[in-house]
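Take a look at the structure below.
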Amino acid sequence: MTYRHICLLLLVFTVPLFAQVWAQQARGFTPEIALDVRNVRIAAVTDDGSRVAATVQTRRDRTDVDHQRYGDPTYISPVSTRLMVVDTGSGDQTWVYEQPTQLRAFTWSPDGTRLGYFIVEDDSYKLCIFETSSAQTTTLELGSDKVIASSSPLVWSPDGSMILLGLRPEGWAVEAHRAFLALTEAAVIVQDSRNEFLAWDRVRNIANQQITALVSVSDGSVREILADVTPQGVSFAEDGSYITYSTAVRTKTSYTRRDGTDYELLMLDLNNGESASLMDPSEERTNVSWTEAHDVFAYGKDGSIFVMGVGEEAAVDVTEAHRITDTETEEPEFSVGRWSSSGSELLLTSERGWHVLDVESGDMRDLLVLEDEEQERPRREIQAWSEDGRYVYFSYSARDRWQRGLKRLNVESGEAETLVLDERLYSSWHISDDGSTIVYAMTDGNSPNEIWVAGSDYPVPTQLTSMNRQLGGVALTNTELVEYLDVDGNTLYGILYYPINYEAGQAYPLVAEIYEQFFDNGFNENMNLITAQGWFGFRPSVRFEEGYPGEAWLKAVPNAINKLIERGLVDEDKVGVYGQSYGGYATNLLITQTDRFAAAANVSGKVNIIS
């Protein structure tokens, strides 16, 4: 019997006898084991789905981080990762870096043959390109004395001949480090709210300074194109003649998080260097969605959808005719979901459902009608619209049980087709342009994620990675979704983690971790450390009412634990609670309101609220 088979068996409520025997014979989960669990993530996938760049990290990779230097703009945190490239057709794996290395910002060239990324060498970033044909990496020497910014974007031009990135201005490092020392080592440090920016904000503003440049992949020559702004969300036009980007210019220290920054959308013509504003500066951040050709964008405002083309003077409200209703019905509020590949149609969402809008004619038709009761609606998230326009892919998760997977809608008929739906936990969906290849991360709910690939109609999927074979002899917890009511009668859910030596009919100690909402399971190091002690782990949810956070925990957490005690699972005299950050604050508050807990731990939670 394989470890995977055993994990699947552990999902059932009553653990079979042979699984209990295995758990007793297997090694217990320890901090040393936790430090070496490999977490594999999908970093980038080619447009055709043929190759995956995957990063692999462990907790141990972070043990040499100098947290005292955080806040220093010149400090590059030594967070390391391993990097591999996987061929989704053959399953072949190529380690680009098998040992932990400081890497970031992974992106495939438009043709999917080269992987660009940054590496840290001699305390500065270098641009690297991995060639799949030769499985070799080249460090591209830039034709500039300026260094790459730690927050630099990394964007390929459409023809793959250039890469856009950010460089630091001359003298930047000296100025930035001096500003940091003035706030950490000076005899007197002043934060004066009469100034436009508090001192720490001035340091953060220095950290954002960069010069945007285009780098030739063939010879490393550098062409600086933007010097006075820091672009965000940079994208190229389909023909490479211009770029679009947004800016977030800070004007003052914000004390409400709703002011102090001006947002703007701009275009830069790469032929003549002239820039033009596409949306006027505003304190309201607006998210825009571009067509594949990158010549038209859409955005939502006050429930309406506006569309504007590059070079046009004003945006057009394309939903005006569809927001008119009778007097007894509220006007629908639309959001942008996705453009079709051709750019002729928009997928919109509203509280009623999903809709397909013909941008030219203005005609709209319903694609998916949502359930009347919002609390009963499954969670649906749009993942892709196929290149041929036939299917809209979306992830699916039930709200009252672990039923998760991927579905697709036929855009013509509106019929929904289930590709996969079960108790396993799926994430990071990547669907190729033609829909023939689906790459994703998946766990059985208890073990770490692995990367998988499936075909268009989701026949038998293929596992591409297997990063934690060392856990085959380690007893991991199994999980259960628990339903309960809070004091107000609201239905809530929590995740229960079983002790590895669990035997039906016995009551065990329990340690609860509290924060806000918990629903999905998945591999959890802390809970495995708790259950390895022979205790239950528990993550109950609460429902907040604005202004009364303390009441939410008091109304829900004791009720959730009482239900487990009533089931005979938990020893009521051996219940502990802990939380981190906001959960630490919640722990402090909760133990002043109830005697339910025999022990409590606040992990980095606020305690001095007054100052």
Side-chain angles (χ1 to χ4, degrees), residues 41-45 47 49 52 233 285-292 298-300 303 305 332-341 345-357 366-387 389-411 414-435 437-443 445 449 451-454 456-458 461 481 493 495 516-522 541:
R41 293 183 176 88
I42 298 172
V45 181
D47 291 340
V52 179
R285 183 192 292 269
T286 302
N287 295 318
V288 302
S289 177
W290 287 93
T291 59
E292 190 171 306
Y299 62 94
I305 302 301
E333 296 191 354
F334 295 102
S335 300
V336 178
R338 194 71 53 110
W339 282 95
S340 66
S341 178
E345 293 180 312
L346 263 174
L347 175 62
L348 305 180
T349 63
S350 73
E351 63 274 15
R352 294 189 295 107
W354 296 359
H355 323 275
V356 176
L357 173 73
D366 292 339
L367 182 60
L368 173 69
V369 178
L370 298 178
E371 296 79 0
D372 291 335
E373 294 296 328
E374 185 175 350
Q375 295 301 320
E376 296 178 3
R377 295 174 184 171
R379 297 175 180 86
R380 299 180 177 95
E381 186 173 343
I382 300 168
Q383 300 296 330
W385 193 340
S386 63
E387 196 173 35
R390 291 182 60 194
Y391 296 109
V392 169
Y393 293 81
F394 64 96
S395 57
Y396 179 99
S397 175
R399 287 185 180 270
D400 59 351
R401 59 196 181 279
W402 285 335
Q403 186 185 65
R404 302 165 287 209
L406 184 70
K407 298 190 176 190
R408 67 184 180 189
L409 284 167
N410 186 304
V411 176
E415 294 182 0
E417 177 186 0
T418 297
L419 298 180
V420 61
L421 193 65
D422 52 40
E423 290 189 350
R424 291 174 289 191
L425 181 60
Y426 300 85
S427 60
S428 301
W429 294 104
H430 288 76
I431 300 163
S432 63
D433 289 344
D434 63 2
T437 305
I438 304 171
V439 180
Y440 57 96
M442 187 269 285
T443 168
N449 272 335
I451 299 176
W452 293 68
V453 63
S456 58
D457 296 320
Y458 215 94
L481 186 65
Y493 297 91
I495 309 169
E516 295 182 27
Q517 295 283 321
F518 296 107
F519 187 84
D520 285 325
N521 53 351
S541 297

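The figures here come from the full heavy-atom set of this structure, side chains too, leaving out hydrogens, waters and symmetry mates. In this text, all values refer to a predicted model and were calculated from it rather than measured experimentally.
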Does Phe519 offer a backbone N or O that forms a donor-acceptor pair with the side chain of Trp402 under 3.5 Å? yes

So, does Ser386 use its side chain to make a donor-acceptor pair with the main chain of Tyr391 at under 3.5 Å? yes

side-chain hydrogen bond (donor to acceptor under 3.5 Å, both in side chains) partners of [X], counting only residues at least two apart:
X: Asn287; answer: none
X: Ser395; answer: Gln383
X: Thr291; answer: Asp295

For a quick test of reading the model, state the closest non-hydrogen atom pair linking Arg352 to Pro332 and the distance between them. NE-CB, 4.1 Å

What is the minimum heavy-atom distance between Thr437 and Gly49, and which atoms define it? CG2-O, 3.4 Å

Would you say the side chain of Gln403 lies within less than 4.5 Å of the side chain of Pro378, judging by non-hydrogen atoms? no

Nearest 0.5 Å, what's the [atom1]-[atom2] distance between [X] and [Y]?
X: Asp433; Y: Trp385; atom1: CG; atom2: CH2; answer: 14.5 Å
X: Asn410; Y: Leu367; atom1: CG; atom2: CG; answer: 8.5 Å
X: Ile42; Y: Ile451; atom1: CD1; atom2: CD1; answer: 4.5 Å

Using salt bridge (Lys or Arg N to Asp or Glu O under 4.0 Å), reason through Arg377 and Asp372 one step at a time and then give a plain yes or no. CA-CA 8 Å; Arg377 295 174 184 171; Asp372 291 335; over 6 Å; no

Criterion salt bridge (Lys or Arg N to Asp or Glu O under 4.0 Å) on Asp520 and Arg379, from CA distance to verdict: CA-CA 12 Å; Asp520 285 325; Arg379 297 175 180 86; over 6 Å; no

Check the side chains of Ser341 and Glu292 for a donor-acceptor pair under 3.5 angstrom, ignoring hydrogens and angles. yes

Below 30° counts as parallel, above 60° as perpendicular, anything between as tilted: where do the rings of Tyr440 and Trp452 land? parallel

Report, as yes or no, whether the 6.0 Å neighbourhood of atom CD on Glu371 holds more than 12 heavy atoms from other residues, nucleotides or ligands. yes

Assess the pair Trp354 and Phe394: is the distance between their ring centroids shorter than 6.0 Å? yes

Is there a side chain to side chain contact (heavy atoms under 4.5 Å, CB included) between Arg424 and Arg404 once you walk through the steps? CA-CA 7 Å; Arg424 291 174 289 191; Arg404 302 165 287 209; 5.8 Å; no

Test: Lys407 cationic atom under 6.0 Å from Tyr396 six-membered ring centre, within 45° of axis: yes

